[in-house]
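Have a look at the structure below before the remarks.
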Amino acid sequence: MTDRPVRVRFAPSPTGYLHIGGARTALFNWLFARGRNGRFILRIEDTDRKRFVPDSLDDLMSNLRWLGLQWDEGPEVGGPYGPYFQSQRLHLYRHWAHWLVEQGHAYRCYCSEERLEAVRQEQLARGDPQPGYDRFCRTLTAQQRAQHEAAGDPCVVRLAVPLEGSTTFHDAIRGDITFEHSQLKDAVLLKSDGWPTYHLAAVVDDHLMEISHIMRADEWLSSAPLGVLLYQAFGWEPPVFAHLPIILSPTGKGKMSKRELVNPDGTVIPVLVRDYRARGYLPEAMFNFLANVGWSLDGSTEVFTPEQAIAAFDIAGINPAPAALPFEKLVWLNGVYIRQLDDDELYRRLVPFVAQGLGMSEAEMAARPELRPAVPLIKERIKTLAEAAPLLSFLFVDGALDYPDPTELIGDKMTAAQSAQALAAAHRALADLPDFDQAAVEETLRSLAEAMGLKSRQLFGVVRVAVTGAKVSPPLFESIAILGRERTLARLQAAQQALAPLAVA
RNA sequence: GCCCCCAUCGUCUAGAGGACUAGGACACAGGCCUUUCAAGCCUGCGACAGGGGUUCGAAUCCCCUUGGGGGCACCA
């Protein structure tokens, strides 16, 4: 069974946007396929018509591609095993469900929702340790069945789980796992509307699509024996199973929710890939990060390329223990990847984020001269693309600035009057500089500090707040050079005026 | 409640009986560099859940306990 060509699938249902856990599952499947000369298949399990979310399919595909996880077969690319939407394969499930009934491996169940509910309530009240369908219809007589059929009663098809014995299957990550049949339920295979449930659809498709390895989330482990029983009933060779550890909430306590998580300190940890994307995480960082949850390249290399991951990936190397999402590590990694980008590339990626952050259109931003030269200034100061806008907003304000808190303009161990004098002196010194570039500005301000008997940090601090409006900013001289003489002088002057009332007192 | 899975620093992990005074990374703390903040470099803090076995020897194997997680739908 292991010498089959490698064909793996990611099979999401279009009931929600791509979750970070789903992305990790897709990533592992992709890595395995790429490393084994295999095929990575995207199959859409759209058999739940009630929970269908219309734009989720686009989100799934868009974000999978964003992460670089292009599929070899599936929606929009086709393939020899299609269709890849379960909603277009209904006839197959019906055929095989009926086949199972004929073979005696499944049976028709005419129980109403009401009876099922009543049974459930009764079991609950009794404290039944194993609540579930009581197999009422499994023992219907031929006559009773005929009556139901004649009456046109709606029915579902249920798997007739063997009453005794047990099923053991091998999990490539966890080893042999055994379930007693007495613990299993006669699961519904075909719903009364004629649509299949996951159990049937997945097995039929995995077999027909010649899937060699099933790598899916841990939550499927409990129902895996049902799948194995189905393979046996069909007489089909089951694929290799590998149940991936689930991802826990970043606190390490409890599972990862389906909605974003807000920490006590106010930090928001997204769970949807689209949110990470929107918040300025790089796909290459995301890829690297996800590959490191539940698996590691070699135990010590934290930053690696997809090629390295492909070469080293191995199912047996997956850690079976559930893992908390190490969100802080992603933030760090994203910074690493941002610093690795060359300036032109970072600029390209920054444009939409800075534009959005400052309320401009991308076209407007692209037309501004300030952003490109500022890129090397902020490169090692941002951890996400979204952090650039607040850092650079001072470059996109015309003319002077407002100083809501003028005391910020007072330098370290200086009075307001001294600070105002320093600003005036800086203004004079910079006003008639022949070349207003970084080197000239720095040279000028350094000598000015010396001439005024100020420590460079004192003078630069005052000028920094005056020019950028903040105590923390990108490097001063480069920032001033990008700002230009006119705006710099205007701000130096405005800052003096803001300081004036304080200087008097 | 029942079934199944899991268990190394706060977190992500390396470790598949001796190479472990348990390695790497993030975070945190301190230092260096320095025009702020970063980045970078150095140092530090910090774990084999507990108890029984097996063995000359256990983080590694077995059992129990505890803890965490998943499942028990005409959802996937």
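Below, each value reflects all heavy atoms present in this structure, side chains not excepted, and no hydrogens, waters or symmetry copies.
A/Arg51 contributes a side-chain N or O that forms a donor-acceptor pair with the base of B/rC75 under 3.5 Å. For A/Ser300 against B/rG23, a side-chain-to-base donor-acceptor contact under 3.5 Å is absent. At a cut-off of 3.5 angstrom, counting only N and O atoms as typed in the model, there is no donor on one side facing an acceptor on the other between the side-chain of A/Glu219 and the base of B/rG71.
Taking the side chain of A/Arg339 as heavy atoms from C-beta on, and the options B/rG40, B/rC6, B/rA76, the nearest nucleotide is B/rG40. Here the side chain of A/Lys383 is nearest to one of B/rC72, B/rC2, B/rA39, namely B/rA39. Looking at the side chain of A/Thr47, the nearest of the listed nucleotides B/rC2, B/rC12, B/rA76 is B/rA76. With B/rG24, B/rC4, B/rC75 as the candidates, the nucleotide lying closest to the side chain of A/Lys329 is B/rG24. Taking the side chain of A/Arg381 as heavy atoms from C-beta on, and the options B/rC74, B/rG70, B/rU36, the nearest nucleotide is B/rU36. Minimum atom distance to the side chain of A/Asp48 is reached by B/rA76, of the listed B/rG70, B/rA76, B/rG24.
Checking the phosphate oxygens (OP1, OP2) of B/rA14, a side-chain nitrogen or oxygen of A/Asn319 falls inside 4.0 Å.
B/rC61 sits 10 Å from B/rU55 when the C1' atoms are compared, rounded to a whole Å. Taking atom C1' on both nucleotides, B/rC62 is separated from B/rG70 by 25 Å, rounded to a whole Å.
Across all strands shown, A/Cys111 has heavy atoms under 4.0 Å from base atoms, whether or not it also approaches the sugar-phosphate.
Ion pair A/Glu149/A/Arg145 not flagged as a salt bridge, since none of the NZ, NE, NH1 or NH2 atoms sits closer than 4.0 Å to an Asp/Glu carboxylate oxygen.
Ring planes of A/Phe313 and A/Trp295: tilted class, angle from 30 to 60°. In this pair, A/Tyr281 and A/Tyr276 present their aromatic rings perpendicular. The plane angle is above 60°, beyond the 30 to 60° band.
No side-chain donor from either of A/His243 and A/Asp218 sits under 3.5 Å from a side-chain acceptor of the other.
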